[in-house]
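Chain identifiers are assigned alphabetically (A, B, ...) following the order of the sequence lines, protein sequences preceding nucleic acid strands; residue numbering begins at 1 within each chain. Side chains are part of it too, since the values below use all heavy atoms of this structure and drop only hydrogens, waters and symmetry mates.
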2 protein chains.
Amino acid sequence: MLFSTRAEYGVRLMVELGRHAGDQPVSLNAVAENERLPLSYLEHLVAKLRKAGLVESQRGARGGYRLARPADRIDMLEVVQALEGAITPMECFHPEPEGKVSCSHEADGDHACATKLLWTKVHGGVAKALSGTTLADLVEFAGAGGDGPPEPDPTKAVAGAA
Amino acid sequence: MLFSTRAEYGVRLMVELGRHAGDQPVSLNAVAENERLPLSYLEHLVAKLRKAGLVESQRGARGGYRLARPADRIDMLEVVQALEGAITPMECFHPEPEGKVSCSHEADGDHACATKLLWTKVHGGVAKALSGTTLADLVEFAGAGGDGPPEPDPTKAVAGAA
DNA sequence: CCTTCTCCGACTGATTGGCTAGGATTTAGT
DNA sequence: ACTAAATCCTAGCCAATCAGTCGGAGAAGG
């Protein structure tokens, strides 16, 4: 399992907010009911999203949450990172400012850490997949599958693209 | 953390075996010392690799492990899958025979699972990164980048007897 | 002032990750 | 035949994380 339910629930929450763009804020309760997710757990998740500056909150009655930016300017790398923490393939993997990567074992001596090449590739693949997707993409995808007529399944094309 | 140390240790183990291709089998003890990893933990990992048909074992004194195939015909997707189990981005994510993907929530009704698109992309990215890399690539990388030449010196580690 | 809602921290039960222990079995060398 | 060096197998342990609950303190609208 690459990610935990935090990412899953959190992304679904974001999509739900994205569907009500421009409207009044959406209460967590509404989201929980729509998505059949535990309210009190969502509270924790939305807190992370808020601290990351991805959603804004309005307290009090008729309050709730809304996106801090238009959905097409929110890329999913940000979202998933906010929910799951820094996404690294491995414990020893430390991405550095200038795109380089350091590895904890390298000090051990014998030879370069053989896995560095592999984890760098994996990290790149995930980062590309996430940052190449905006929340708007997901909202549109969800909308198409739900209210509107069925469209050709985009997941098939991507899955075969390896 | 995308992967656990199982993948890390297991891959390093495989690389170590790949460095001694054609030679006598390498004992786990030697690998453990070279890589400074706990022997008894490696035993569990190598068992998975053996069951997956990636390494062969020779029991008894002077026994050990060797690759079941040449390193350039072992792709890392197989290796990581053997170690970590099926690699899916999310609990609800079930890759199906024909490249399609099913999602547990889809039965829930309201609308298509919005996250499916995202996880499919992520899965594709990881799979591509892993299956596009062979063990030989890592062996070469480790040899080239290391401060020591990839010169095989198996006598040193095992040199207790005779 | 009461209801709705966000916010916050503490707590919990189950699972997983990383690792150790102990032994059974197989084989090479003497 | 004996012994040392290995693989193999099962069981269990401890700490951390996951997924979620609970109770309550604020803030805002009616």
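Separating the CZ atom of B:Arg66 from the P atom of D:dA6 is a distance of 14 Å, rounded to the nearest angstrom. When the C1' atom of D:dC18 is taken as reference, atom CG of A:Leu2 falls 16 Å away, rounded to whole Å. As rounded to whole Å, 14 Å separates atom C1' of C:dG18 from atom CE of B:Met1. Rounding to whole angstrom units, CD of residue B:Gln24 and P of D:dA6 are separated by 11 Å. The distance between atom CG of A:Leu28 and atom C1' of C:dC5, rounded to the nearest whole Å, is 9 Å. What separates CZ of B:Arg59 from P of D:dT7 is a distance of 10 Å, to the nearest Å. Between A:Tyr41 atom OH and C:dT6 atom C1' there is a gap of 19 Å when expressed in whole angstrom units. Across the protein-nucleic acid pair, A:Leu83 atom CG and D:dA19 atom C1' stand 14 Å apart, rounded to whole Å.
Considering every non-hydrogen atom in both A:Met90 and B:Glu8, the closest pair reads CG-OE1, 3.4 Å.
Note: the hydrophobic cluster containing A:Val11 also contains A:Leu39 (ILVMFWY, side chain heavy atoms under 4.5 Å, direct or indirect links).
Checking the phosphate oxygens (OP1, OP2) of D:dA6, no side-chain nitrogen or oxygen of B:Ser57 falls inside 4.0 Å. For D:dG20, one of the phosphate oxygens OP1 or OP2 lies less than 4.0 angstrom from a side-chain nitrogen or oxygen of A:Tyr9. Distances shorter than 4.0 Å separate some side-chain N or O of A:Ser40 from OP1 or OP2 on D:dT21. Contact check, A:Ser4 against D:dA19: a side-chain N or O comes under 4.0 Å of OP1 or OP2.
Counted by atom type alone, A:Glu84 and A:Ser4 present one or more donor-acceptor pairs between their side chains at under 3.5 Å.
Of the inter-residue distances, the one linking B:Thr134 atom OG1 with B:Leu77 atom CG reads 13.0 Å to the nearest 0.5 angstrom.
Legend: residues meeting ring pair (Phe, Tyr, Trp, His ring centres under 6.0 Å) with B:Tyr65, ordered by chain and number and at least two apart, are absent.
Scanning residues 44-56 of chain B for heavy-atom distances under 4.0 Å to DNA chain C yields B:His44.
Contact check on B:Arg69 versus B:Glu78 returns a salt bridge, with a Lys/Arg side-chain nitrogen under 4.0 Å from an Asp/Glu carboxylate oxygen.
Among C:dT20, D:dT7, D:dG20, the nucleotide with an atom closest to any side-chain atom of A:Thr5 is D:dG20.
Using cut-offs of 30° and 60° on the angle between ring planes, the pair A:Tyr41 and A:Tyr9 is perpendicular.
Where B:Glu91 and B:Gly63 meet DNA chain D, the nucleotide closest to each residue was compared, and B:Gly63 sits on the side nearer the 5' end. The residue among A:Arg6 and A:Glu43 whose nearest nucleotide of DNA chain D is located toward the 5' end is A:Arg6.
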